[in-house]
Amino acid sequence: MSRFLNSRYSSLKPYVPGEQPKNISEFIKLNTNESPFEPSPMAIKAINDEATRLNLYPTPTGEPLMSALSKRYGVPTSRIFTSNGSDETLAFAFLAFCGKDKGVCFPDISYGFYKVYAQLCCVDAMEIPLDKDFKVVPEDYFNSGRTVVIANPNAPTSLALTLDEVESIVKNNPNDVVIIDEAYVDFGAQSAVSLIDKYDNLLVIQTFSKSRNMAGERLGFAFGGEGIISDLNAIRYSFNPYNVDRLALVAGAASIEDEVYFKQCTEEIIRVREYTAECLKKMGFEVLPSKTNFLFAKHNAVGGEAIYLALKAKGILIRHFAGERTAPYVRITIGSMAQMEKMLYELEAILNEYK
Ligand SMILES: *Cc1c(COP(=O)(O)O)cnc(C)c1O
């Protein structure tokens with residue numbers, strides 16, 4: 001820290017992303033919930049075709065992506081927001097809907113960035129404990145008097161609330177914005193997008209990073225009432241009107257239009273996830289029922305950190321979260337079937353050493 005840093009950031013603890021090793025080809029990366037599959041071939045073609053136009057600024061209105069999203073989700077463009085990764089929408093939402101007189105609340109075990117944004121925006125944060133089964137208890141968020149942020153499905157637990165449960169939280173915070181972060185919703189959970197017509201306090205955030213195989217493209221989108229979306233645009237136009245670049249706009253549109261490939265990829269992840277979960281259970285793991293592209297699992301004899309380190313030594317990266325409740329667990333991203341077979345093979349060998 002230099003002596004020039006604004007004193008309000010003297011205790012800022014920045015987000016720590018999962019390891020991104022330099023020698024990436026030496027590792028099987030199952031640690032940051034990326035997709036093992038390439039982007040849609042249509043998205044790759046769109047990027048190549050667009051490259052010659054990079055001398056021009058992108059459209060600040062988000063076309064052609066906006067129209068593609070509007071058509072796919074049946075939502076008018078006035079209720080859609082696009083951003084440089086969904087993290088950016090989250091940051092804009094913290095700026096727009098939290099402040100000195102408006103705190104924020106979120107689960108005590110969830111996406112680590114929520115706490116960082118609260119600090120960055122100097123907002124009072126209340127962390128609400130998950131129950132003993134790692135579930136979000138909807139009633140705990142009723143009439144919170146704060147902006148509510150919930151990842152659904154949640155990370156790293158992989159558990160999802162039902163649409164009715166999400167609706168109960170939105171309905172019972174009529175004077176506060178409820179942000180539902182649906183980064184993983186395409187892997188089997190229910191989306192709350194259908195509720196945006198009914199509630200003007202709901203913001204639903206999604207991303208191209210997980211189910212659309214484009215974490216490297218940095219592209220997120222969100223749905224909400226016109227009021228909320230226009231507030232987010234006010235922040236965006238005060239920060240960076242060209243927040244989504246030309247390549248992302250065309251790649252995003254092409255990806256949205258390639259529904260067949262999207263279905264194929266997400267269905268394969270779900271199939272491999274269920275297979276992997278069964279194998280882990282046979283090896284002595286307790287595996288939480290996942291609606292995401294990762295598994296959160298605890299072994300009956302070996303601790304989370306030991307498993308993480310042993311797999312890393314074999315060239316397989318998974319994620320371990322320190323913290324009283326999460327420490328016994330590991331979070332394993334679902335890769336290709338071949339990657340999972342290799343991971344399971346190495347894991348079996350590691351566990352045998354403990355017998
Ligand atoms: C991955 C993830 C994000 C961030 O997604 P980007 O679009 O890559 O910024 C947001 N929320 C949760 C819960 C995530 O897991």
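Note that ligands are numbered from 1 as they come in the structure, with each ligand's atoms numbered from 1 the same way. Quick note: residue numbers are just sequence positions, from 1. Keep in mind that this is a model prediction, so the values were computed, not measured.
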Could you go through ligand 1 and note, for every N or O atom, any protein N or O atom closer than 3.5 angstrom, writing the atom names and distance to 0.1 Å, or 'none'?
from     : atom 1 : to     : atom 2 : distance (Å)
ligand 1 : 5 (O)  : Ser86  : OG     : 3.0
ligand 1 : 7 (O)  : Ser86  : N      : 2.7
ligand 1 : 7 (O)  : Ser86  : OG     : 2.8
ligand 1 : 7 (O)  : Thr207 : OG1    : 2.5
ligand 1 : 7 (O)  : Ser209 : OG     : 3.3
ligand 1 : 8 (O)  : Ser209 : OG     : 2.6
ligand 1 : 8 (O)  : Arg218 : NH1    : 2.8
ligand 1 : 8 (O)  : Arg218 : NH2    : 3.3
ligand 1 : 9 (O)  : Ser86  : N      : 3.2
ligand 1 : 9 (O)  : Asp87  : N      : 3.0
ligand 1 : 9 (O)  : Asp87  : OD1    : 3.4
ligand 1 : 9 (O)  : Asp87  : OD2    : 3.1
ligand 1 : 9 (O)  : Arg218 : NH2    : 2.8
ligand 1 : 11 (N) : Asp181 : OD1    : 3.3
ligand 1 : 11 (N) : Asp181 : OD2    : 2.6
ligand 1 : 15 (O) : Tyr184 : OH     : 2.5
ligand 1 : 15 (O) : Lys210 : NZ     : 3.0

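Other residues, nucleotides and ligands contribute at most 12 non-hydrogen atoms within 6.0 Å of the CD atom of Glu324.
A cation-pi arrangement is present between Arg212 and Phe262 under the rule of less than 6.0 angstrom and at most 45 degrees off the ring axis. Cation-pi contact between Arg325 and Phe134: present, with separation from the ring centre below 6.0 Å and deviation from the ring axis of at most 45°. Geometric assessment of Arg331 against the ring of Phe294 yields a positive cation-pi assignment under the 6.0 Å and 45° thresholds.
Smallest separation of non-hydrogen atoms from Val287 and Ala297: CG2-CB, 4.1 Å.
Relative orientation of the Tyr242 and Tyr57 rings is parallel, given thresholds of 30° and 60° on the angle between their planes.
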